[in-house]
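Presented below is the structure to which this report refers.
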There are 2 protein chains.
Amino acid sequence: MLVFDEKSCPVTATMKVLGGKWKAILINAIYHTSPARFGELKRSVKGITQSMLTQQLRELEDDGLISRKIYAEIPPKVEYTLTEFGLTLAPIMQSLANWGLAYRMKKQKE
Amino acid sequence: MLVFDEKSCPVTATMKVLGGKWKAILINAIYHTSPARFGELKRSVKGITQSMLTQQLRELEDDGLISRKIYAEIPPKVEYTLTEFGLTLAPIMQSLANWGLAYRMKKQKE
DNA sequence: CTGCATCCTTCGGGATACTG
DNA sequence: CAGTATCCCGAAGGATGCAG
């Protein structure tokens, strides 16, 4: 019989990385803004708090999806970009966006 | 300036439907088992509890992704299948699975 | 076999204030 | 400007028992 668990279902692994309320939208934002500054993200990603933004960015960094460049300036400046590996998410983001649009269309009719 | 919120970012809509701990894996399981019986899913989706399974299936049904067919038999029998709309998730599931594999490969090297 | 109700726990997410 | 440190809450997730 087929079995679906964390080991045999890679879908789960992806969802862990992209899951939660902010990860996907952040990847998307950085992808379209690159390089993205911290304050810039804070302004463009509506509703996210500073602490959440910091936390989520760290987790994405730990997963190797984004890289963080610190400029030793006053005032401080930090830029985020997708890593090469993070860029491999592009097709997924694209299909997620497309499907989201289709889903909305469907909901509207109802 | 670009803005990323729930209205302008369809990715978010998709993640709401596919988010949480079980949705994606359930879609995947039903896709590969169709038609899938309740008990069958309970056995194949490792770690899920009965109540969670029921709840998640209902939500997927409400979103129009799966359909539920009840057989008036003793013992009871219920079958779940992806709806036509649910099937449009197939390419996403595929890319999620592929990326998950790549992610694992990368983690192994580290 | 399938499903609901109840109760409980965990943790993701958030508000606020403070720092270099 | 970018980030940390606390404290807090609600919802997601889970265990268990009962029912058709």
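The shown structure was predicted, so the numbers you read here are calculated from the model rather than taken from an experiment. Side chains are part of it too, since the values below use all heavy atoms of this structure and drop only hydrogens, waters and symmetry mates.
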Atom [atom1] of [X] and atom [atom2] of [N]: how far apart are they, to the nearest Å?
X: Glu40(A); N: dA2(D); atom1: CD; atom2: C1'; result: 14 Å
X: Leu41(A); N: dA2(D); atom1: CG; atom2: P; result: 9 Å
X: Lys42(B); N: dG14(D); atom1: NZ; atom2: C1'; result: 12 Å
X: Lys16(A); N: dG13(D); atom1: NZ; atom2: P; result: 13 Å
X: Met15(A); N: dA12(D); atom1: CE; atom2: P; result: 15 Å
X: Leu53(A); N: dG3(D); atom1: CG; atom2: P; result: 8 Å

Note to self: Tell me whether the side-chain N/O atoms of Tyr80(B) come closer than 4.0 Å to OP1 or OP2 in dG3(C).
What the structure shows: yes
Notebook entry, point to check: Are Arg68(A) and dA2(D) close enough that a side-chain N or O sits under 4.0 Å from OP1 or OP2?
Noted result: no
Any non-hydrogen side-chain atom of [X] less than 4.5 Å from a side-chain atom of [Y]?
X: Val17(B); Y: Trp99(A); result: yes
X: Thr14(B); Y: Asn98(A); result: no
X: Asn28(A); Y: Leu96(A); result: no

Notebook entry, point to check: Does a sphere of radius 6.0 Å around CD in Glu6(A) hold more than 12 heavy atoms from other residues, nucleotides or ligands, not counting ones at 6.0 Å or beyond?
Noted result: no
Notebook entry, point to check: Has Glu84(A) got more than 12 heavy atoms of other residues, nucleotides or ligands less than 6.0 Å from its CD?
Noted result: no
Hey, does the side chain of [X] reach the backbone of [Y] with a donor-acceptor pair shorter than 3.5 angstrom?
X: Asp5(B); Y: Lys7(B); result: yes
X: Thr33(A); Y: Ile30(A); result: no
X: Arg68(A); Y: Arg58(A); result: no
X: Thr88(A); Y: Phe85(A); result: yes
X: Thr83(A); Y: Gly64(A); result: yes

Check: What parts of residues 2-13 of chain A reach DNA chain D, counting only heavy atoms under 4.0 Å away?
Finding: none
Checklist line | 5′-ward residue of the pair Arg43(B)/Thr54(B) relative to DNA chain C | finding: Arg43(B)
Next item on the list: Select base, sugar-phosphate, or nothing to describe what Tyr71(A) touches, counting heavy atoms under 4.0 Å on all strands.
Entry: nothing
Next item on the list: Report, as a single string ordered 5' to 3', how protein heavy atoms within less than 4.0 Å touch nucleotides 10-20 of chain C: B base, S sugar-phosphate only, - not at all.
Entry: ---BSB----B
Checklist line | Closest contact, heavy atoms only, Gln56(A) versus Leu26(A) | finding: CB-CD1, 3.6 Å
Note to self: Let's see if you get this right: which residues in residues 30-39 of chain B place a heavy atom under 4.0 Å from DNA chain C?
What the structure shows: Arg37(B), Phe38(B), Gly39(B)
